[in-house]
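Keep in mind that what you see is a predicted model, and the values were worked out from it rather than measured. These values consider heavy atoms only, across backbone and side chains, with no hydrogens, waters or symmetry-generated copies.
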Amino acid sequence: MDVIIAHYKHEKPTPSQVQSYLKRQGWLKHAPTVEDILLYWEASEKPKPDAIERKIQSFVKTQQWPGLAVVDDPVKGQKVVTLQDFKKGDYICDYHGPVISAKEGERLMRSVEQNEMGYLYFFLDRGNKRLCIDAQNVPCSCHSELPTTYGRKINHSRKRPNLKPMVKYFPDDTRPHILFSANKAIDAGTELLFDYGVTQKSFSGEGADLPWIDE
């Protein structure tokens, strides 16, 4: 059956094309049915899980995530918007930076001035150890050619998040990574948002100037 699939590797054949091909081969016994061939063609065209993993890992390494842009916003300063449609469950980008201990992350957080943004992401690894991704410095040490990375520019929404963060490990990499996946279908031209887990009260008095925090 692989011979037939290879014959139509660029475009799915129609039932009549498959029937004509089988007839030309002159097979008399143990010939596959047209239905079996069409089902096998669809299965063979689906990306293999390991291929998807390698592709995502490549995006993490290069930070060349497709279909995204950082644009100015009159209220929030900057935001990340989509340039293409994404399906629910698609990996969109990662929160990029060195992994440090939670204790070191808390020290960095205390050093951030009140009127500055903190780019720190705290999480639990697969061993239930509390860690932090430090995205404070731009450009980051591993991508000096990039002005910023997408993950650190994604804004907060408590009521309208369209991204879900998750801890991800790759087979040949023991380091944890934070990936954002779409929690719904996302159209092109949409701002990307995830829930920081904060409210206006989290910022004490300063929160009065940030009404979008509770949106």
Exercise. Is the closest side-chain donor-acceptor distance between N155 and Q78 under 3.5 Å?
Worked result: no

Problem set entry | Co-membership, hydrophobic cluster, residues L163 and L193, 4.5 Å side-chain | no

Exercise. Pairs in or reaching into residues 165-184: which pass salt bridge (charged side-chain N to carboxylate O under 4.0 Å, His left out), with residues at least two apart or in two chains?
Worked result: E53-K168, D173-R175

Seminar exercise, completed: Rounding to 0.5 Å, atoms OH (Y119) and OG1 (T149) come to a distance of 10.0 Å

Exercise. Got I100 and C132 here, is their nearest side-chain heavy-atom distance under 4.5 Å?
Worked result: yes

Seminar exercise, completed: Tightest non-hydrogen contact, residues P176 and V167, listed as CB-CG1, 4.0 Å

Problem set entry | Main-chain N/O of N128 paired to D125 side chain as donor or acceptor, under 3.5 Å | yes

Exercise. Which residue, Y95, F180, F59, Y150, forms the ring-ring contact (aromatic ring centres under 6.0 Å, His included) with W65?
Worked result: F59

Problem set entry | Candidate pair H156 and D195, rule side-chain contact (heavy atoms from CB on, under 4.5 Å), full reasoning | CA-CA 5 Å; H156 160 80; D195 187 354; 3.1 Å; yes

Exercise. When rounded to the nearest 0.5 angstrom, what distance separates CD in Q64 from OG in S58?
Worked result: 9.0 Å

Exercise. So, for I178 and P165, which heavy atoms are closest and what is the spacing to 0.1 Å?
Worked result: CG2-CB, 4.1 Å

Problem set entry | Step-by-step side-chain contact (heavy atoms from CB on, under 4.5 Å) determination, H96 to Y121 | CA-CA 10 Å; H96 192 72; Y121 189 99; over 6 Å; no

Problem set entry | I186/D85 under side-chain contact (heavy atoms from CB on, under 4.5 Å): CA gap, chis, key distance, verdict | CA-CA 6 Å; I186 302 175; D85 297 342; over 6 Å; no

Exercise. Do the non-hydrogen side-chain atoms of I133 and L120 ever get within less than 4.5 Å of each other?
Worked result: no

For this session: Applying side-chain contact (heavy atoms from CB on, under 4.5 Å), run through D94 and Q63 and close with a yes or a no.
Result: CA-CA 8 Å; D94 66 321; Q63 287 300 293; 3.0 Å; yes

For this session: Mark yes or no for whether Y169, through its side chain, and R126, through its backbone, hold a donor-acceptor pair below 3.5 Å.
Result: yes

Exercise. Ignoring hydrogens and geometry, is there a side-chain-to-backbone donor-acceptor pair from S181 to Y91 under 3.5 Å?
Worked result: no

Exercise. Does T82 reach the main-chain N or O of D187 with its side chain, forming a donor-acceptor pair under 3.5 Å?
Worked result: yes

For this session: Please tell me if the side chains of C93 and I154 come closer than 4.5 Å, counting only heavy atoms from C-beta onward.
Result: yes

Exercise. Under the ring-ring contact (aromatic ring centres under 6.0 Å, His included) test, which residues partner F170, sequence neighbours left out?
Worked result: H177

Exercise. Backbone N or O of A135 within a donor-acceptor pair of the R152 side chain at under 3.5 Å?
Worked result: yes

For this session: Flag yes if M166 and V99 sit in one hydrophobic cluster, no otherwise; membership is Ile, Leu, Val, Met, Phe, Trp, Tyr, and two members link when side-chain heavy atoms are under 4.5 Å apart.
Result: yes

Problem set entry | Cluster check F194, I56: I/L/V/M/F/W/Y, side chain < 4.5 angstrom | yes

Exercise. Are L68 and V81 connected in a single hydrophobic cluster, I mean Ile/Leu/Val/Met/Phe/Trp/Tyr linked by side-chain heavy atoms less than 4.5 Å apart?
Worked result: no

Problem set entry | Short side-chain to backbone donor-acceptor contact, N162 and E191, under 3.5 Å | yes

Seminar exercise, completed: In this structure, OG of S157 is separated from CG of L192 (nearest 0.5 Å) by 11.5 Å

Problem set entry | K103/E106 salt bridge by N-O under 4.0 Å criterion | no

Exercise. For V75, does its backbone N or O pair with a side-chain atom of D73 as donor and acceptor, under 3.5 Å?
Worked result: yes

Problem set entry | ILVMFWY cluster, V138 and L108 together (side-chain gap under 4.5 Å) | no

